[in-house]
Structures are given as C-alpha cells and as structure tokens.
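Following: one structure in structure tokens, then a few remarks.
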Amino acid sequence: AGAGSNSTAEAIELTAFSKQVGADATLQVTPYYNKPTQEGFYQHFKAIAEEVDLPMILYNIPGRCGAGMTPETIARLAEIENIVGIKEATGSLDMASEIANLCDITILSGDDSLTLPLASVGAKGVISVVANIVPADVKALTDLILEGDLVSARQWHKKLFKLCKNMLTLATNPIPVKAAMAMLNMAPEELRLPMTPLEDSKKVILKQTLKDYGLIS
C-alpha cells in the first residue's frame with residue numbers, strides 16, 4: 001500500500017490504516033516539497049517504523065520530491081528491522097552500488113528500463129509501470145535475474161526497452177500507461193487532475209510502439 005506523505009503524522013495514520021485493512025507492507029515515498037535534511041529523512045521513516053509494525057519499502061525519487069536520501073541515510077534506516085527494501089528511482093547505478101556496499105537492504109528498481117542494469121549491481125527486481133500491460137514479460141525478466149542468469153535476462157531487457165522508454169518519456173507517468181491500457185481495452189483512460197490525457201500526436205507514437213511490440217495489430 002502506498003502510505004507515504006510529506007507529513008510524518010499523516011504517513012503514520014495512513015500506515016496504521018493500511019495494516020488495519022490487511023496490507024502486507026507499505027511503500028513510503030520520501031517527503032516531498034518540504035525538502036528535509038538527511039536527519040529529517042531518517043527521523044521521518046524511523047517514526048513510521050516504530051509506530052506501525054509492518055514491513056516498509058522506502059521510495060527514493062528525488063526527481064519528483066525535490067530531495068532524496070543519501071546511501072548513508074538508507075544504510076542507517078536499513079538497521080531498523082521492519083524497513084526491508086528500497087525502491088531506487090534516482091536513475092543512478094552508482095547510487096545503487098553504494099547502497100549495496102553499505103547494507104543488505106533489498107534494492108528494487110523504480111525505473112523499468114534500469115531493471116537489468118540495477119540487477120547487475122545487486123538489485124532483486126522492480127516495482128514496475130510496464131508490468132501493468134505485460135506482466136508475464138516483466139516476470140520472465142525478473143525470474144532470470146533472481147536465478148542469476150543475466151545473459152538470458154538481457155534478451156528480455158532488449159525486448160522491453162523500447163516499450164519502457166516510450167511509456168516513460170512521452171509524458172509523466174501514469175499518463176502513457178493509462179493511454180496504453182485504454183488502447184488495449186484493459187481500463188478506461190481516466191485521470192485525475194492535475195494529470196491530463198496523453199496528447200493525440202503522442203498517442204500515434206504510443207500506438208506504433210504497442211504495434212511494434214506485438215500487442216495490437
């Protein structure tokens with residue numbers, strides 16, 4: 001369950017509710033807009049972990065939040081028992097390498113196109129956007145990663161790469177994946193403001209991408 005907030009008190013409330021309704025774990029985004037110090041990040045996540053006994057995955061995405069955690073802060077947080085993983089979305093292999101060198105927290109890619117590169121330095125999987133439309137293909141990739149067969153995984157990486165890149169560069173996520181799911185008759189293209197539908201000119205590119213992948217004729 002996504003239970004993060006830039007208010008620690010609200011994040012605790014959302015996390016407690018998540019546990020109450022049966023969530024197995026929560027995803028906790030770094031506080032956005034207010035740009036905490038590294039100590040602020042640490043105290044924020046520590047407070048949530050101490051208040052609610054539920055496994056927590058940290059979500060480090062400075063591009064959306066205005067600030068991000070350092071590897072050292074993540075390593076400190078990894079010492080807390082119920083902080084079990086991190087969704088690493090800085091786009092930096094060096095960042096993932098530093099985290100892996102400092103602690104044994106489970107690293108998950110936050111960018112589909114970087115799932116295999118991050119796995120090469122120790123990541124174990126991905127919290128995926130493109131899996132909304134090709135879950136079996138993403139699972140095939142991550143199964144090979146977990147088996148340690150990065151050579152075979154590379155074939156899936158190559159197949160998925162163009163789809164991933166176009167899904168993530170045509171517009172801000174989740175706009176393109178919502179459009180793709182509508183094209184595949186999986187879900188309506190429904191967005192809440194301030195998200196707006198994908199532009200028609202970009203839908204042409206997206207439709208061709210889906211055709212090239214073999215998802216539509």
Side-chain angles (χ1 to χ4, degrees), residues 1-92 95-96 98-112 114-115 118-119 122-132 135 138-139 142 145-146 172-174 177-178 191-195:
S5 173
N6 67 340
S7 161
T8 305
E10 183 181 32
I12 290 170
E13 181 181 345
L14 292 170
T15 302
F17 178 78
S18 299
K19 182 176 182 178
Q20 177 188 331
V21 297
D24 295 307
T26 62
L27 183 68
Q28 298 283 346
V29 71
T30 45
Y32 39 88
Y33 178 73
N34 45 23
K35 298 180 75 171
T37 63
Q38 293 303 308
E39 184 63 20
F41 283 127
Y42 177 77
Q43 294 297 337
H44 171 80
F45 292 118
K46 179 174 179 284
I48 301 166
E50 289 178 345
E51 286 289 330
V52 186
D53 184 18
L54 192 66
M56 179 194 302
I57 297 175
L58 307 172
Y59 184 7
N60 200 30
I61 183 164
R64 286 196 182 229
C65 293
M69 292 182 287
T70 64
E72 291 75 17
T73 299
I74 293 163
R76 285 181 72 196
L77 287 164
E79 295 174 2
I80 299 170
E81 185 176 1
N82 53 327
I83 295 181
V84 298
I86 180 161
K87 181 180 179 181
E88 207 343 83
T90 63
S92 169
M95 179 74 173
E98 289 186 53
I99 295 168
N101 282 338
L102 290 172
C103 63
D104 62 357
I105 195 169
T106 298
I107 300 170
L108 302 170
S109 175
D111 297 294
D112 279 293
L114 287 177
T115 302
L118 285 171
K124 301 296 184 185
V126 59
I127 296 178
S128 173
V129 173
V130 77
N132 284 283
V138 175
K139 183 179 185 296
T142 55
I145 286 169
L146 293 173
T172 306
N173 177 54
V177 73
K178 290 271 191 173
L191 294 143
R192 289 175 294 176
L193 288 172
M195 295 286 100

Taking the side chain as every heavy atom from C-beta outward, state whether Thr8 and Gln43 have any pair of such atoms under 4.5 Å apart. no
Atom CD of Gln38: over 12 foreign heavy atoms under 6.0 Å: yes
Kindly give the heavy-atom pair with the smallest separation between Lys124 and Leu108, and that separation in Å. C-CD2, 4.3 Å
What is the distance from atom CZ of Arg76 to atom CZ of Phe45, rounded to the nearest 0.5 Å? 13.0 Å
Salt-bridge criterion met for Glu39 and Lys46 (N-O under 4.0 Å): no
Hey, could you give me the NZ/OG1 distance between Lys35 and Thr30, rounded to the nearest 0.5 Å? 12.0 Å
Considering non-hydrogen atoms only, spot the tightest contact between Ala49 and Met56 and give its length. N-CE, 3.6 Å
pair Glu81-Asp53: side-chain heavy atoms closer than 4.5 Å: no
Decide yes or no for Thr90 and Pro62: does some side-chain heavy atom of the first lie under 4.5 Å from some side-chain heavy atom of the second? yes
Any idea which heavy atoms bring Ser128 and Ala131 closest together, and the distance? OG-N, 2.9 Å
Per the side-chain contact (heavy atoms from CB on, under 4.5 Å) rule, which among Ile74, Leu118, Ile99 passes with Ile107? Ile99
Between Ile48 and Ile12, is there a side-chain heavy-atom distance shorter than 4.5 Å? yes
Where is the tightest heavy-atom contact between Ile105 and Ala78, given as atom of each residue plus distance? CB-CB, 4.0 Å
Quick check against the 3.5 Å criterion: does Ser109 have a side-chain atom that pairs as donor or acceptor with the backbone of Asp112? no
Considering all heavy atoms, the nearest Ala75-Cys103 contact: CA-SG, 3.9 Å
Please lay out, stage by stage, how Gln28 and Thr15 fare under the test side-chain hydrogen bond (donor to acceptor under 3.5 Å, both in side chains). CA-CA 9 Å; Gln28 298 283 346; Thr15 302; 2.7 Å; yes
Are side-chain heavy atoms of Tyr32 and Ser5 found at a separation under 4.5 Å? yes
I'd like to know if the side chain of Asn60 and the backbone of Glu88 have a donor-acceptor N/O pair within less than 3.5 Å. no
Given side chains that start at C-beta, do those of Met69 and Leu77 come closer than 4.5 Å, heavy atoms only? yes
Rounded to the nearest 0.5 Å, how far apart are CG of Asn173 and NZ of Lys178? 10.0 Å
What are the two closest heavy atoms between Gly68 and Phe41, and how far apart are they? O-CE1, 3.5 Å
What distance separates Leu54 CG from Asp24 CG, expressed to the nearest 0.5 Å? 8.0 Å
d(Ser92 OG, Glu98 CD) to nearest 0.5 Å is 7.5 Å
In this structure, CG of Leu58 is separated from OG1 of Thr26 (nearest 0.5 Å) by 9.0 Å
